[in-house]
Amino acid sequence: MALKYVEEYRDGTLARDLVKKIHSVSKKKLRLMEVCGTHTTSIFRHGIRSVLPKGITLLSGPGCPVCVTAQKDIDAFVAFARVKNVIVTTFGDLMKVPGSSSSLTKEKACGADVRIVYSVFDAVNIARENKDKEVVFCGVGFETTIPTIAAGILMGIEGKLDNFSIYSANKLTPPALAALMETDGVQIDGFILPGHVSVITGTDAYRGTFEKYDIPSVIAGFEPIDILQAILLLIQQNEAGKPALENAYPRAVSHAGNVKAKQIMNQVFEVCNASWRGIGQIPSSGMELKKEYQRFDAAIKFAMDMPDVPEPKGCACGQILMGLKTPEECVLYKKKCTPMNPVGPCMVSSEGSCAAFYRYS
Amino acid sequence: MTEEKILLDHGSGGKVSHSMFSDIILPLFENPELSKQDDGAVLDVKGTKLAFSTDSYVVDPIFFPGGNIGDLAVNGTINDISMCGANPEFISVGLILEEGLPIKDFKLILETMAAAAKKAGVKIVTGDTKVVPKGKADKIFINTSGIGVIPPNVNVSGSNAKPGDKIIISGTLADHGITVLSTREGLKFDSDIKTDSAPLNKMVQSIIQSNCDVHVLRDPTRGGLGTTLNEIASQSKVSIKIDEQSLPIRGPVQGVCELLGFDPLYIANEGKLIAFVPQKDAQKILEIIQQDEFGKDAVIIGEVIDKDPGKVFLQTNIGGLRIIDMLSGEQLPRIC
Ligand code: SF4
């Protein structure tokens, strides 16, 4: 049928051939981790786990930006929503994440002005149209999102918007991989590296981690064929005992990445330590506004310094992000914690592994 | 903060709406007609079987490519009645207008409603209009109700699906939801995405008059195909398996879904039906649907199977198998 959307990278026959190949080369038991929420969703949506050999376990690592956001950052978003005259702008996935006492969804139902945006530019426009209000953007993202947030700040300067600010809970991927490798008990035989993030960072960003830990690493795109291809390469590397850093997404990812995006990002932000949910502080894994841009820092502007708070009792998000547990091993899973009544962010975000387990298996 | 409030989720048509219905609404109104939970109520009035249904429309924006809130409201009720196997005949219209709505827009919406009713062969026979101060509603909200007669030998219901039934969809998925969303978000796609809003009464009448067996008819509106299939699976206590490769989705619609991270299985349709029919009649009914003005792209997308009652499975393009759950959480508020 002419109407039907058939993408080259969704081709069923090609995919089935790849699956056959995977079955024929796979001998060892392996634990492979994807570190990208879009990969997680794609793996579940296309039923990739169900076609792999029994010995291959896929783990969903810290790749969903909402899932790795610390409780105190969620509390800060809620606190902004309670400030009079503030419009909080956020990606939809953050809305329902429960903070210590409330969520943005609940604040909205109580009358707070919380608006879902698709990018920071929407937030800038809202600031432009509401000069009598303060607009705070909840900055939650990886290398893919940070350059656009930086561009948003530059737009704010150009538009002379002094009513626009961001709260940066942004994070960097490579330091998280290194932190995982250093964690006791973590057992990973290969990384499926994120496609979008790598478009910005380039392959070279992972070289340090790869060389230090000698861990099979393959950059993958998001279609089923991309992911199956990456899995095949990781299995082959493991079977041959020859770890490599490979780029299985060359149609989008280069060695150096997107130089211009990195320039903008580094113009506005600088590297800082960051708290990752369930994992804790990871050195040099976050990005904060440079001194000259601090007037756009919502935390400074509103003197918002939230206390560190423990994550909800029983929630195993952190261990799940490190591949130490599966969602089904969390005592709250499907009982107290469901997408309607989420306890942790992994159940809220459409890219979270608990939500994906709940929805698709 | 502990006081519970209505959230947008309660209107999603998914899990939260369902639990609101069964926990709050149903216990208070309990009666056999309501308990059936079909698209409309089936009533026995002195030996005549009537289908009666109501629906409110709050779509934002009120104008979008291919239609507006007016024909959406008329077609929506026509379709709800049709899905009971009835031929819709009479419709009521309740209008809630916000002070300041341009008369020009108001007239245009009413003209579209009149045209939609005429096209479908139904009469708008009663109505009501209220105006509220600016800011107390958003431009215009419309409620429509309707009734139609169900022929004596017809018995279609979401609880009639049987193992072995084939499942037909009358055309492409997700057109309406994606149209409204992209209009609302000001996304400029140079493509012909438009709503599929259409009256399905003639298609249903042709199916019924064919004397073929039909077990279930449903229009997968709010909550999309995924949610509707889950409703049927649980009403009929059967399991459903859908083949991803067979799902008809327009390229541009799929493109927007990919871009914004929406799953077309959960996006609203306003001019599509799904029919559960015994295998022996499947081909014939498919052809009847394909001959209808609004059914050219109809295909068989799956079947009812015997194991795991209440569950809906998707056989993916790559040969994998996964669950299709009911929509949980609001994807898109105010889509209809
Ligand atoms: S199931 Fe809920 S409580 Fe358990 S880890 Fe996942 S999000 Fe946390």
Side-chain angles (χ1 to χ4, degrees), chain A residues 1-7 10-16 18-19 37-38 41 43-52 78 91-93 95-96 101-103 105-111 116-118 122 222-225 227-228 338-342 347-348 350-351 355-356 358-361, chain B residues 1-10 12 14-16 18-19 171-173 185-187 226 243-255 257-266 296-297 299 313-333:
Chain A
M1 178 159 31
L3 284 169
K4 210 170 154 324
Y5 180 75
V6 184
E7 251 251 45
R10 280 197 184 170
D11 185 316
T13 340
L14 249 174
R16 283 164 217 240
L18 270 169
V19 171
T38 317
T41 313
I43 286 168
F44 278 95
R45 254 182 79 177
H46 298 288
I48 290 183
R49 285 173 188 235
S50 71
V51 298
L52 294 179
V78 167
F91 296 134
D93 271 8
M95 289 292 289
K96 275 206 254 169
S101 67
S102 176
S103 67
T105 298
K106 287 186 184 154
E107 292 302 316
K108 186 169 189 245
C110 291
I116 293 178
V117 292
Y118 289 99
D122 298 340
F222 302 101
E223 295 302 335
I225 288 184
I227 296 173
L228 288 168
T338 65
M340 285 75 66
N341 268 312
M347 189 56 98
V348 183
S350 54
E351 298 186 339
Y358 188 97
R359 240 172 237 142
Y360 297 125
S361 54
Chain B
M1 268 320 303
T2 46
E3 190 195 350
E4 284 199 74
K5 299 222 157 90
I6 290 289
L7 306 175
L8 284 171
D9 273 4
H10 287 105
S12 68
K15 276 194 179 167
V16 182
H18 278 261
S19 44
T172 52
L173 285 175
E185 300 301 332
L187 301 176
D243 178 11
E244 186 176 24
Q245 269 176 340
S246 68
L247 293 177
I249 302 172
R250 277 176 223 278
V253 170
Q254 178 82 35
C257 286
E258 301 280 321
L259 195 71
L260 300 177
F262 289 117
D263 187 341
L265 283 172
Y266 297 110
K296 292 189 186 65
D297 301 322
V299 278
F313 297 96
L314 181 76
Q315 177 92 54
T316 69
N317 279 344
I318 65 160
L321 195 68
R322 63 127 160 130
I323 291 267
I324 302 177
D325 195 14
M326 190 174 269
L327 176 66
S328 47
E330 175 61 278
Q331 285 228 122
L332 299 168

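Order of the sequence lines sets the chain letters (A, B, ...), proteins ahead of strands, with each chain counted from 1.
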Item to check | Contact class of A:F44 relative to chain B, heavy atoms under 4.5 angstrom | outcome: backbone

Checklist outcome for this item: Rounding to 0.5 Å, atoms CD1 (B:I318) and CZ (A:R45) come to a distance of 12.0 Å

Item to check | A:C110 side chain near B:K5 side chain, heavy-atom distance below 4.5 Å | outcome: yes

Checklist entry - For B:L265, is it the side chain, the backbone, both, or neither that has a heavy atom closer than 4.5 Å to a heavy atom of chain A? => result neither

Checklist entry - Which pair of heavy atoms, one from B:Q245 and one from A:G12, lies closest together, and at what distance? => result NE2-CA, 4.0 Å

Item to check | Reported CG-to-CE distance for the pair B:L7 and A:M95, which is rounded to 0.5 angstrom | outcome: 9.5 Å

Next on the checklist: Could you check whether any side-chain heavy atom of B:D325 comes within less than 4.5 Å of a side-chain heavy atom of A:Y358, counting everything from C-beta outward?
Outcome noted: yes

Checklist entry - chain B heavy atoms under 4.5 Å from A:S361: which part of the residue, side chain, backbone, both or neither? => result backbone

Next on the checklist: Would you compute the distance between atom OG of A:S50 and atom CZ of B:F313 and round it to the nearest 0.5 angstrom?
Outcome noted: 11.5 Å

Checklist outcome for this item: Between A:A109 and B:I6, the two heavy atoms sitting closest are CB-O, 4.1 Å

Checklist entry - From B:N317 CG over to A:R16 CZ, what is the distance, rounded to the nearest 0.5 angstrom? => result 7.5 Å

Item to check | Any B:R322 side-chain heavy atom under 4.5 Å of A:R359 side chain | outcome: no

